[in-house]
2 protein chains.
Amino acid sequence: MTSQRPIPTLQDVATLAGVSTATVSRAINFPDQVAHVTRDKVNAAIAELGYSPNFGARAMAARRTNTIGAIIPTMENAIFARGLQAFQEELRRNGYTMLVASTAYQPDTEEEQIRSLVARGADALLLIGYRRNPAIYDFLDGQDVPVLLTWAFDPAATRPSVGFNNSAAMQEMAEKVIEMGHRRLALISAETAQNDRASARCDGIRQAMTAAGLGSDSLCFVETKYGINEGAAAFDRVMAHVPRPTAVFCGNDVLAVGALRRARECGISVPGDVSIIGFDDIELAQVVYPALTTVHVPHREMGRKAGQALVKHLRDGAALEPIEVHTKLVLRNTLGPP
Amino acid sequence: MTSQRPIPTLQDVATLAGVSTATVSRAINFPDQVAHVTRDKVNAAIAELGYSPNFGARAMAARRTNTIGAIIPTMENAIFARGLQAFQEELRRNGYTMLVASTAYQPDTEEEQIRSLVARGADALLLIGYRRNPAIYDFLDGQDVPVLLTWAFDPAATRPSVGFNNSAAMQEMAEKVIEMGHRRLALISAETAQNDRASARCDGIRQAMTAAGLGSDSLCFVETKYGINEGAAAFDRVMAHVPRPTAVFCGNDVLAVGALRRARECGISVPGDVSIIGFDDIELAQVVYPALTTVHVPHREMGRKAGQALVKHLRDGAALEPIEVHTKLVLRNTLGPP
DNA sequence: GCAAAAAATGTAAGGGCTTGCATTTCGCTG
DNA sequence: CAGCGAAATGCAAGCCCTTACATTTTTTGC
C-alpha cells in the first residue's frame with residue numbers, strides 16, 4: 001500500500017522528458033506556448049510517473065489558486081444545495097474550483113471556516129447573508145480577498161450581493177394569506193439573532209400585518225433551530241397558542257415540512273384546520289402531502305449569476321455589482337381559506 | 001475594498017514581535033514550546049497584522065496538511081450528509097479538516113476530484129464503494145495517499161472499508177417482503193454499471209427470490225438516474241409492467257420518495273395497491289406520507305468509525321482494518337400485504 | 001555561586017512550483 | 001545565405017513556511 005519510490009515532482013518530469021522545469025510548467029499551464037513535440041514528451045513523462053502537481057507549491061509560486069470558497073450554514077438539507085450546484089457549475093466552466101464549508105449556523109464556526117478557506121488560498125469567497133462580525137470583513141479586506149454575498153439583497157448594503165429581498169418576498173406571501181381571510185397568523189422562524197434572512201422574512205410578515213391593520217404584535221412568533229424535528233416541535237408550541245392561528249408561516253421549507261408532519265401526527269387537517277406556508281421551494285416541498293405552498297427562490301439562477309460575477313471580477317477586474325433576483329409565490333395545497 | 005498594504009507573512013509577524021520566524025512558527029504550532037511572554041507578543045503581532053498562515057507554504061514545508069478528503073456521489077440529497085457530518089466531527093475533534101467533493105455519479109468526475117484533492121495535499125481519502133478504475137488506485141498508491149472506502153463492506157475485498165453489506169441488507173428486506181406474500185416484485189435501481197452498492201442491492205433481492213423459489217428473472221428491473229423525479233418516472237415504467245408488481249423496491253430512499261409521489265399522483269394506493277420499499281432511512285423517509293418502509297443504515301456510526309480509523313492510521317500508523325456496521329429493517333407504512 | 005541540564009530562541013536549508021528575463025532555435029525575407 | 005523577428009526553451013529568483021541543529025538563556029541542584 002505504501003510505495004517506497006518518492007512522489008514525483010516537476011523536476012522528475014522535466015528530467016525524464018529531457019527539458020527544463022519551466023517548460024514542463026508551461027506545458028501544463030499554457031500548452032500553446034510549447035512546441036507540439038515537446039508537449040507530447042512532457043505528457044508522456046507525466047503519465048509514466050503518475051505525476052500530480054503539488055497544489056501548495058503552485059499556489060505559493062503563482063499567488064493564486066483558482067479556487068473560490070463558499071461557506072453555507074448547512075449541508076444537511078437541500079436548501080443551499082441547488083444554488084451551490086449552479087454556482088459550482090459556473091465556476092467549473094471557467095476553470096475555477098469550488099471549496100465548500102458549512103457552519104451549522106454558528107457564527108464562530110463561520111469565522112473559523114473563513115480563515116481556513118483564506119489560508120487555503122481561496123481567491124474569493126461566497127458567503128450567505130450580510131450580517132456578521134465586522135472584524136471578519138476587516139480581516140478579509142486585509143487579506144485582499146473579494147467577498148460576494150448571496151441569498152439576500154439589500155440595495156442599501158455596502159457589500160455587493162446576488163440575492164433576493166427576503167422581506168419583500170415574505171411580505172407578498174403574507175398579503176396573499178391575509179387576503180384569503182386569515183387573521184390569526186403565526187411564524188415558525190429560524191433563529192433571527194445571527195440570521196438576517198430569517199429576521200427579514202419575519203419583518204415582511206409584520207409589515208403586511210400592519211398594512212392590513214392587523215397589529216403586528218398579534219403575530220404568534222416562535223423561534224427554533226433548523227431541522228425537520230425542530231419544525232415539528234415548534235408547530236406544537238404554535239398550536240398551543242390562544243387564540244389558535246389559522247395560518248402558520250415557516251421561515252423555510254424544512255421547518256414547514258416538520259410542521260406538516262406534526263400536523264398529520266396530531267390529526268390536524270391541512271389546510272382544513274390550519275394552513276402551512278414554507279419558504280425556498282426546495283424539492284421536498286413537492287414531495288410532501290399535501291404539496292407545500294411556499295415562496296419560490298430561483299436558486300439556480302442565483303448561483304449561476306453569483307458565479308459569473310465572481311469570475312468576471314477575478315479575471316477582468318470588473319467590480320462586483322449588486323444583482324437582484326426575484327422570488328415567486330407558489331400556491332400549492334397547504335394553503336386554504338381559514 | 002482592495003488593501004494596498006501587502007498581505008502579512010510570518011516574517012512580518014516575527015519582525016513586529018521582535019523574534020525570529022522560527023519562534024513565531026512554534027508559537028502557532030507548538031504553543032508550549034514557547035515562553036509565555038513571547039507567545040503573548042507573537043499573538044499580539046498576529047492580531048495587529050491580521051495575519052493568517054499561508055496554507056500552501058505550510059503544507060510544503062511540513063509535508064502534511066491535516067486535511068482529509070471525502071468524495072461522495074452527490075450532495076443534492078441527504079443520503080451522504082449525515083454520515084459525512086459524523087465523519088467530519090470525528091476528524092475535527094482530532095485536529096483534521098475535511099474537504100468534500102462530489103461527483104454527480106460520474107466516474108470521470110470522481111477521478112478528477114481525486115486528483116484535485118491529492119494535489120491539494122489531502123493526507124488521506126474517503127471514497128464511496130469499491131468499484132473504480134484500477135489506475136486510480138495505482139495513482140493513489142504512487143502518491144502514497146491512504147484510502148478508506150465506505151458505504152460498502154466486502155470482507156473479501158483487498159481494500160479496507162467501513163461499511164455494511166448492501167447485498168445482505170437488501171436480501172433481508174426482500175425475504176421479509178416475500179414472507180408477507182408478495183410474489184411479483186420490482187426494483188427501481190440506481191445505475192448499476194459504476195455503482196457496486198446498487199448492484200449489490202439488486203443481487204440481494206435476486207438471492208432472496210431464488211431462495212424462495214421465485215425465479216430471480218421474474219424481477220421487474222428498472223434502472224434510472226438519481227433523483228426524486230427520476231424515481232417518479234421509473235415508477236410509471238414499473239407499473240406498466242405486466243403482470244403488475246405488488247411490491248416495488250427502490251435502490252434508495254430518494255427514488256422511493258419519487259415513486260411514492262407518483263403513486264399518489266396516479267391515485268395508486270400505497271400500500272393498498274402496491275408496496276414501496278426504500279433503502280437508507282434518511283430523514284425524508286419519515287416525512288413522506290405514508291412513512292416509508294426502508295432499510296436503516298447507521299450513517300452516523302459509519303462516519304464516526306471511518307473517521308476514527310483514518311485518524312488512528314495517520315497518527316499512529318495503525319493499519320486500516322475492515323469494519324462492518326449493521327443495517328436494520330424499518331417497517332413503516334408503505335409496506336403491506338399484497 | 002557554579003556547572004550542568006533544560007528551556008527558549010535563532011539560523012538557515014529546503015520544499016515544488018511559476019515567471020521575468022535571457023538565450024537559443026527556427027522560419028523567413030531579401 | 002546573412003540577418004531578423006518570433007517562437008521555444010532555459011535559468012534562477014523567489015513564494016512562505018517548518019524544522020534539524022546550533023546557540024543562548026534560564027533553571028536546578030548542591
Side-chain angles (χ1 to χ4, degrees), chain A residues 6-43 45-46 49-67 95 115-116 118-121 123 143-144, chain B residues 6-43 45-46 49-67 95 115-116 118-123 142-144:
Chain A
I7 292 160
T9 71
L10 232 218
Q11 181 62 67
D12 298 331
V13 176
T15 308
L16 181 59
V19 298
S20 74
T21 58
T23 300
V24 176
S25 173
R26 280 187 286 252
I28 294 171
N29 297 303
F30 311 97
D32 26 72
Q33 284 184 23
V34 165
H36 215 284
V37 292
T38 313
R39 205 188 314 156
D40 290 347
K41 271 191 299 186
V42 170
N43 286 334
I46 289 177
L49 294 172
Y51 169 75
S52 168
N54 179 312
F55 179 81
R58 172 187 286 204
M60 202 163 66
R63 280 105 144 275
R64 69 184 139 56
T65 58
N66 287 335
T67 293
R115 287 179 187 279
S116 160
V118 167
R120 282 197 142 70
D123 293 341
Q143 292 282 333
D144 218 356
Chain B
I7 293 161
T9 71
L10 231 218
Q11 181 63 67
D12 299 330
V13 176
T15 307
L16 181 59
V19 298
S20 74
T21 58
T23 300
V24 176
S25 173
R26 280 187 287 252
I28 293 170
N29 298 303
F30 311 97
D32 26 73
Q33 284 183 23
V34 165
H36 216 284
V37 292
T38 313
R39 206 189 312 157
D40 290 347
K41 272 192 299 188
V42 170
N43 287 335
I46 289 177
L49 295 172
Y51 168 75
S52 167
N54 178 312
F55 179 80
R58 171 186 285 201
M60 202 162 66
R63 281 102 151 284
R64 68 184 143 55
T65 58
N66 287 337
T67 294
R115 286 180 188 280
S116 159
V118 167
R120 282 197 143 70
D123 293 341
Q143 293 281 335
D144 219 356

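Lettering follows sequence order; numbering is per chain, from 1.
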Its contact letters, B for base, S for sugar-phosphate only and - for none at protein heavy atoms under 4.0 Å, make nucleotides 11-20 of chain D read B--BBBBBBB
State whether the side chain of T15(B) and the backbone N or O of Q11(B) hold a donor-acceptor pair below 3.5 Å, judged by distance alone. yes
Separation of dG16(C) atom P from Q143(B) atom CD, nearest Å, is 12 Å
With sequence neighbours left out, the residues meeting side chain to side chain contact (heavy atoms under 4.5 Å, CB included) with D40(B) are H36(B)
On a heavy-atom basis, the closest approach of N66(B) and G95(B) is CB-O, 3.8 Å
Across all chains, not counting sequence neighbours, the side chain to side chain contact (heavy atoms under 4.5 Å, CB included) partners of S25(A) are L10(A), N29(A)
Residues A57(A) and M60(B): closest non-hydrogen pair is CB-SD, 3.3 Å
Under a 4.0 Å heavy-atom criterion, the protein footprint on nucleotides 22-27 of chain C, written with B, S and -, is ------
Rounded to whole Å, CZ of R39(B) lies from P of dA7(C) at a distance of 14 Å
| message | Can you see whether T65(B) engages R58(B) through a side-chain donor-acceptor pair at a distance of less than 3.5 angstrom? | response | no
Closest non-hydrogen contact found for D123(A) with R64(A) is OD1-CA, 3.6 Å
In B/S/- notation (B base, S sugar-phosphate only, - none; protein heavy atoms under 4.0 Å), nucleotides 23-28 of chain D written 5' to 3' is ------
Given the options V24(B), V37(B), V34(B), V42(B) meets side-chain contact (heavy atoms from CB on, under 4.5 Å) only with V24(B)
Rounded to whole Å, CZ of F55(A) lies from C1' of dG15(C) at a distance of 16 Å
Side chain to side chain contact (heavy atoms under 4.5 Å, CB included) filter on D12(A), not counting sequence neighbours, yields P8(A), T9(A), L49(A)
Minimal heavy-atom distance between Y51(A) and Q143(B), with the atoms involved, is C-NE2, 4.2 Å
